[in-house]
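Quick caveat: nothing in here was measured; it's all calculated off a predicted structure. Both counts, for ligands and for their atoms, begin at 1 and track the order of listing. Worth knowing before you read on, the calculation uses all heavy atoms, side chains too, and leaves out hydrogens, waters and symmetry mates.
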Amino acid sequence: MNKTALVTGVTGQDGAYLSKLLLEKGYRVHGLLRRSASADVVGTRLNWFGIQQDIQLHDGNLTDLSGLIRIVEEIRADEVYNLAAQSFVKSSWQQPLLTGTVTGLGAANMLEAVRLACPGTRFYQASSSEMYGLIQEPVQSEKTPFYPRSPYAAAKLYAHWMTVNYRESFGMHASSGILFNHESPLRGIEFVTRKITDGVARIKLGMRDRLALGNLDAKRDWGHARDYVKAMWLMLQQEVPDDYVIATGRTVSVRDFCELAFGHVGLTMEDHVTVDERYMRPAEVDVLLGNPAKAKERLGWEAETPLEDMVAEMVEADLLRLKRHECL
Ligand code: NDP
Ligand code: GDP
C-alpha cells in the first residue's frame, strides 16, 4: 500500500520540493496550511511544480496543539515532516517571542501531537546549521557543540533537543536533519541568495541599477533544496532514528555568490552592489561549513548540485519570472 506523509510548512521552499519528491515516490501527501486571507498566493510554490491539486491540505497552525492532534489522528501518517517555522534569522530579532513560539514550541507541539495521537509515526525535524552560530570547530559535524547567535537559532536548538528527548524518552522514531543553508528558485526573496539573483535579474533587465546588501564577508555552505529534501526522506527510511548534518562541505562568501550571479549575465558586482547598514545583524554568524560524512556513510547521501549550477538556475528563473511579470 502507498505510504502517507504529513508535511508542515508545505507552502515553503522545502515543503514544495519535498512534496514533489514524495508524490514521485507514490506517497499520499497531506500538508498543514496556515490560513491566509490571500488564498491566491498560498499555493505559489506548489503551483510552480503543478502539484497543489495532488496534495490534501489541512487548515492548521503549529501553535494550535488541539488542531494538530486532530489532524495527526485523522491522517495517521506513516511519516511527519516538520518543516514549518518562522525561518528568517533577521526577523527573529524583531519577533523573538513569535519565533520561539512557532519555531521552538511549535515543534514541541508537533512532537506531542504525534506522541499522543499516532506514536508509531516517523518524525522529521528541520534543524539548522544556525545552531552552530559562533562556531566551536572550523568544520561542523554532529559532534560539534552548539552556540546559537539569534532568537531563531535558540528556538531551533530547543526544537532539536526536544526531538532528541522524545526519541530517548518515548522511543519515538524521531530524527533531526541539521541542514546547512539550501537554496533554489523557490527560496524566499528575503534570503540573501534569492535577493541577489532577483536583483541581478532586475539590473540585467534595466529595471534598476543598484543592489543593497549587508555583510558581504559572511560565508555559508550553500546547497540545493532539491538535493536536501532527499536526505530528509532517507532519514525516515532508516531502521534507527538519528541526527545528521546535511551540507556540501564547501563554503563561500556572500561576495563570491554575488560575483557568480553577476558574472552569469555578464555584469560586474562592483558596478552595482552597495553595502547598507540596515541589512547588518546584531550578532552575525560569520562562517558555516558542514561535514556531511555521516550522511554519506549511513544514508548514501551526497550533495549533487554544484554551486555554480544552482546560481545559474536561480538567475535564469528570476529573469524568466520578471519577463512574465510573475511574483514569488
Ligand atoms: P520557508 O520559510 O520557505 O517555509 C516556512 C513554512 O512554515 C511556510 O510554509 C510557512 O507558511 C510555514 N509556517 C510559518 N509559521 C507557521 C505556523 N505558525 N504554523 C504553520 N505553518 C507555519 O522555509 P524553508 O522551506 O526554507 O525551510 C524549511 C524548514 O527548514 C524551516 O523550518 C527552516 O527554518 C528550516 N531550515 C531551512 C534551511 C534553509 O536553508 N532553507 C536551513 C536549515 C533549516 P506560510 O506560507 O503561511 O508563511
Ligand atoms: P541565514 O544564514 O539563515 O541567516 O540566511 P540569509 O540568506 O538570511 O543570510 C546569509 C548571510 O548573508 C548572513 O550572514 C547575512 O548577514 C548575510 N547577508 C548579507 N547581506 C544580506 C542581505 O541583504 N539580506 C540577507 N538576508 N542576508 C544578508
S.K.: So is Phe88 touching ligand 1 or not, going by heavy atoms under 4.0 Å?
M.R.: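 No, Phe88 has no heavy atoms under 4.0 Å from ligand 1.
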
S.K.: Linking Ile, Leu, Val, Met, Phe, Trp and Tyr through side-chain heavy atoms less than 4.5 Å apart, which residues share a cluster with Leu288?
M.R.: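 Noted: Leu288 shares its cluster with Met131, Tyr132, Ile135, Phe146, Leu157, Trp161, Val164, Ile178, Phe180, Val245, Val285, Val287.
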
S.K.: With heavy atoms of Asp14 as the reference, note each atom of ligand 1 found under 4.0 Å away.
M.R.: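 The list of qualifying atoms is 25 (O), 27 (O), 28 (C), 30 (O).
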
S.K.: Please work out which of Arg34, Glu130, His182 has its closest non-hydrogen atom nearest to atom 39 (C) of ligand 1.
M.R.: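 Selected option, by shortest heavy-atom distance: His182.
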
S.K.: Just going by heavy-atom distances, which of Asp217, Asp221, Val254 is nearest to atom 17 (C) of ligand 2?
M.R.: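 Residue with the shortest heavy-atom distance to the ligand atom: Val254.
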
S.K.: To the nearest 0.1 Å, how far is atom 7 (O) of ligand 2 from its closest protein heavy atom, and which atom is that?
M.R.: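 Protein heavy atom at minimum distance: Val192 N, 2.9 Å.
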
S.K.: Heavy-atom pairs closer than 4.0 Å: do any link ligand 2 to the side chain of Met280, the backbone, both, or neither?
M.R.: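 No part of Met280 comes within reach of ligand 2.
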
S.K.: Considering only heavy atoms of Leu213, which atoms of ligand 2 have at least one such atom less than 4.0 Å away?
M.R.: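 Counting atoms of ligand 2 from 1, those under 4.0 Å from Leu213 are 20 (N), 23 (O).
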
S.K.: Using a 4.0 Å cut-off to any heavy atom of Asn181, which atoms of ligand 2 qualify?
M.R.: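 The list of qualifying atoms is 1 (P), 2 (O), 3 (O), 5 (O).
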
S.K.: Check each atom of ligand 1 against the heavy atoms of Ala126 and keep those under 4.0 Å away; list them by number with element.
M.R.: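 Ligand 1 atoms under the 4.0 Å threshold to Ala126: 29 (C), 30 (O), 32 (O), 35 (C).
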
S.K.: When rounded to the nearest 0.5 angstrom, what distance separates CE in Met110 from CG in Leu83?
M.R.: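 Between atom CE of Met110 and atom CG of Leu83 there are 10.5 Å.
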
S.K.: If hydrogens are left out, which of Ser87, Ala247, Ser127 has an atom nearest to atom 2 (O) of ligand 1, that is, the closest non-hydrogen atom?
M.R.: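 The nearest heavy atom belongs to Ser87.
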
S.K.: What's the shortest distance from atom 6 (P) of ligand 2 to any protein heavy atom, and which residue and atom give it?
M.R.: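 Of the protein heavy atoms, Arg281 NH2, 3.8 Å lies nearest.
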
S.K.: Would you mind checking which non-hydrogen protein atom is closest to atom 3 (O) of ligand 1, with the distance to 0.1 Å?
M.R.: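 Going by distance alone, atom 3 (O) of ligand 1 is nearest to Gln13 N, 3.0 Å.
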
S.K.: Nearest heavy atom to atom 8 (C) of ligand 1 wins, so pick from Asn181, Thr11, Val89.
M.R.: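 Considering heavy atoms of Asn181, Thr11, Val89, the nearest to atom 8 (C) of ligand 1 sits in Thr11.
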
S.K.: Minimum distance, heavy atoms only, to atom 20 (C) of ligand 1: which one of Leu62, Val7, Thr8, Leu288 is it?
M.R.: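 Shortest heavy-atom distance from atom 20 (C) of ligand 1: Leu62.
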
S.K.: Can you name the atoms of ligand 2, numbered from 1 with element, that are less than 4.0 Å from a heavy atom of Lys195?
M.R.: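 Going through ligand 2 atom by atom, the ones under 4.0 Å from Lys195 are 22 (C), 23 (O).
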
S.K.: Out of Trp48, Trp233, Tyr228, Phe49, which one pairs with Tyr17 under the ring pair (Phe, Tyr, Trp, His ring centres under 6.0 Å) rule?
M.R.: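 Considering Trp48, Trp233, Tyr228, Phe49, a ring pair (Phe, Tyr, Trp, His ring centres under 6.0 Å) with Tyr17 is found only for Phe49.
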
